[in-house]
Amino acid sequence: MIRIAIPNKGRLYEPTISIFKDAGLPISGGAESRKLFAKTTDPDIHILFARAADIPEYVQDGAADVGITGIDLITERGAKVETLLDLKFGKASLVLAVPEDSDFQKADNLEGRKIATEFPEITHQYFKKLGVNVEVIKVSGACEMTPHVGIADAIVDISSSGTTLMINHLKPIDTVFSSTVYLIANKESLKTKDKILDIKTALESVLNAKQRRYLMMNVPESSLQAVKEVLPGMSGPTVMKVESSKLSGESILAVHAVVDADLIFTIVNKLKNVGARDVLVVPIERIMP
């Protein structure tokens with residue numbers, strides 16, 4: 001059996017549930033049912049709900065074979081795990097922030113000052129690299145309040161939109177660490193449980209698909225070469241003859257291709273200009289490497 005630890009709440013919970021569903025491993029029940037464990041459609045793969053901050057140690061110690069959590073938490077804990085895949089969601093930054101009315105403009109200005117944070121290890125590393133001596137104060141919550149009550153001169157805290165800092169009259173002066181969510185694995189489990197790599201492949205296929213679109217179109221045979229030059233497909237377009245179909249007496253071909261989602265707007269217009277007709281743009285669920 002493989003046990004996967006995933007966040008039991010917060011901003012990482014829903015995207016994690018969603019990517020497993022898209023990967024063909026929907027999770028039955030959920031943390032909202034107050035259960036510690038849940039099943040997937042694979043009888044050998046079970047889910048363990050845990051605090052995102054605890055997941056690196058769960059995976060390191062073998063309580064879970066696989067985990068989903070932020071790279072900031074993995075780094076902060078110094079967890080000895082294998083990082084398998086950047087899942088590209090949960091983007092956030094650890095920022096160095098100071099009161100809006102302060103004279104601090106950069107990290108160097110904080111020599112000898114107090115810094116409050118829930119991430120003392122990352123904060124120590126950041127200031128050590130800069131050669132700035134500070135006193136790091138570990139807090140477990142409400143970090144943004146510490147400069148206003150005299151506990152600290154600045155904070156290092158997670159910010160995804162900057163709204164919380166603004167509400168608390170703080171201004172960011174540097175980015176300390178950038179984070180996304182990763183798939184991680186226990187080192188020993190990875191050696192003995194082949195299905196862990198199957199899980200990685202399934203999640204990777206969803207990520208690949210999110211960045212691609214499937215194009216289908218009808219193309220007069222005389223326009224085929226021009227269409228091919230427009231299409232930057234994964235391995236070139238697929239071309240098929242449309243039976244018993246002619247446009248102005250000319251044979252029609254069905255052309256299919258997979259292209260980057262970001263290029264769709266430009267490509268579709270170019271295709272129409274060189275003769276493509278009836279263009280369909282279709283989302284892709286998964287692309288297996």
Side-chain angles (χ1 to χ4, degrees), residues 6 11-27 40-42 45 68 70-71 83-93 160-162 178-183 195-289:
I6 72 170
R11 65 188 180 88
L12 305 184
Y13 172 75
E14 289 295 343
T16 301
I17 294 293
S18 177
I19 195 170
F20 272 93
K21 181 179 179 181
D22 292 343
L25 282 172
I27 298 169
T40 70
T41 50
D42 188 312
I45 300 176
I68 305 285
I71 193 66
T83 53
L84 299 182
L85 183 65
D86 182 354
L87 297 175
K88 309 293 185 183
F89 67 83
K91 291 182 180 180
S93 297
S160 54
S161 66
S178 295
S179 179
T180 55
V181 170
Y182 271 70
L183 174 71
K195 193 168 281 192
I196 290 176
L197 293 181
D198 293 339
I199 295 168
K200 176 192 172 186
T201 298
L203 296 177
E204 194 170 20
S205 72
V206 174
L207 297 179
N208 290 338
K210 286 182 183 297
Q211 301 167 18
R212 304 282 194 271
R213 294 294 183 270
Y214 193 68
L215 286 184
M216 298 182 286
M217 69 206 77
N218 291 326
V219 178
E221 191 168 6
S222 60
S223 300
L224 179 60
Q225 187 56 42
V227 166
K228 284 183 175 181
E229 291 174 1
V230 170
L231 288 172
M234 293 176 64
S235 57
T238 299
V239 180
M240 299 166 284
K241 186 175 181 180
V242 178
E243 294 295 334
S244 303
S245 178
K246 289 193 174 185
L247 180 64
S248 300
E250 187 172 5
S251 295
I252 300 299
L253 303 173
V255 178
H256 296 189
V258 176
V259 301
D260 289 341
D262 292 343
L263 300 177
I264 287 295
F265 179 81
T266 301
I267 286 177
V268 168
N269 286 318
K270 286 182 177 179
L271 288 171
K272 292 171 66 177
N273 288 336
V274 297
R277 298 292 182 267
D278 308 320
V279 180
L280 297 180
V281 181
V282 182
I284 304 172
E285 291 189 3
R286 296 172 65 181
I287 297 178
M288 305 299 291

Minimum-distance pair of heavy atoms, taken over all atoms of [X] and [Y]:
X      : Y      : result
Ala254 : Val242 : N-CG2, 3.6 Å
Arg11  : Gly90  : NH1-O, 3.2 Å
Leu87  : Leu207 : O-CD2, 3.4 Å
Leu271 : Val230 : CD2-CG1, 3.7 Å
Leu203 : Ala23  : CD2-CB, 3.9 Å
Pro237 : Leu231 : CB-CD1, 3.9 Å

Taking side chain as C-beta onward, heavy atoms only, is [X] less than 4.5 Å from [Y]?
X      : Y      : value
Val258 : Leu215 : no
Thr238 : Val255 : no
Phe20  : Val206 : no
Lys210 : Asp22  : yes
Lys270 : Val274 : no

Whether the side chain of [X] engages the backbone of [Y] through a donor-acceptor N/O pair (distance < 3.5 Å, no angle test) should be reported.
X      : Y      : value
Arg277 : Lys272 : yes
Thr41  : Gly24  : yes
Thr40  : Ile45  : yes
Ser18  : Glu14  : no

Nearest 0.5 Å, what's the [atom1]-[atom2] distance between [X] and [Y]?
X      : Y      : atom1 : atom2 : value
Met240 : Leu253 : CE    : CG    : 9.5 Å
Asn208 : Ile284 : CG    : CD1   : 10.0 Å
Asn269 : Ile264 : CG    : CD1   : 11.0 Å
Leu12  : Phe89  : CG    : CZ    : 6.5 Å
Leu25  : Ile199 : CG    : CD1   : 6.5 Å
Asp86  : Ile71  : CG    : CD1   : 8.0 Å

Legend entry - Neighbour count above 12 (heavy atom, 6.0 Å) for Asp198 CG: yes
Legend entry - Gln211 atom CD, over 12 foreign heavy atoms within 6.0 Å: yes
Inset, instruction - Identify which one of Val219, Asp278, Asn218 satisfies the side chain to side chain contact (heavy atoms under 4.5 Å, CB included) criterion when paired with Ile252. - result: Asn218
Legend entry - Member of Arg286, Glu285, Lys200 meeting the side-chain hydrogen bond (donor to acceptor under 3.5 Å, both in side chains) criterion with Ser205: Arg286
Inset, instruction - Given side-chain contact (heavy atoms from CB on, under 4.5 Å), test Ile17 with Ile6 step by step and report yes or no. - result: CA-CA 9 Å; Ile17 294 293; Ile6 72 170; 3.9 Å; yes
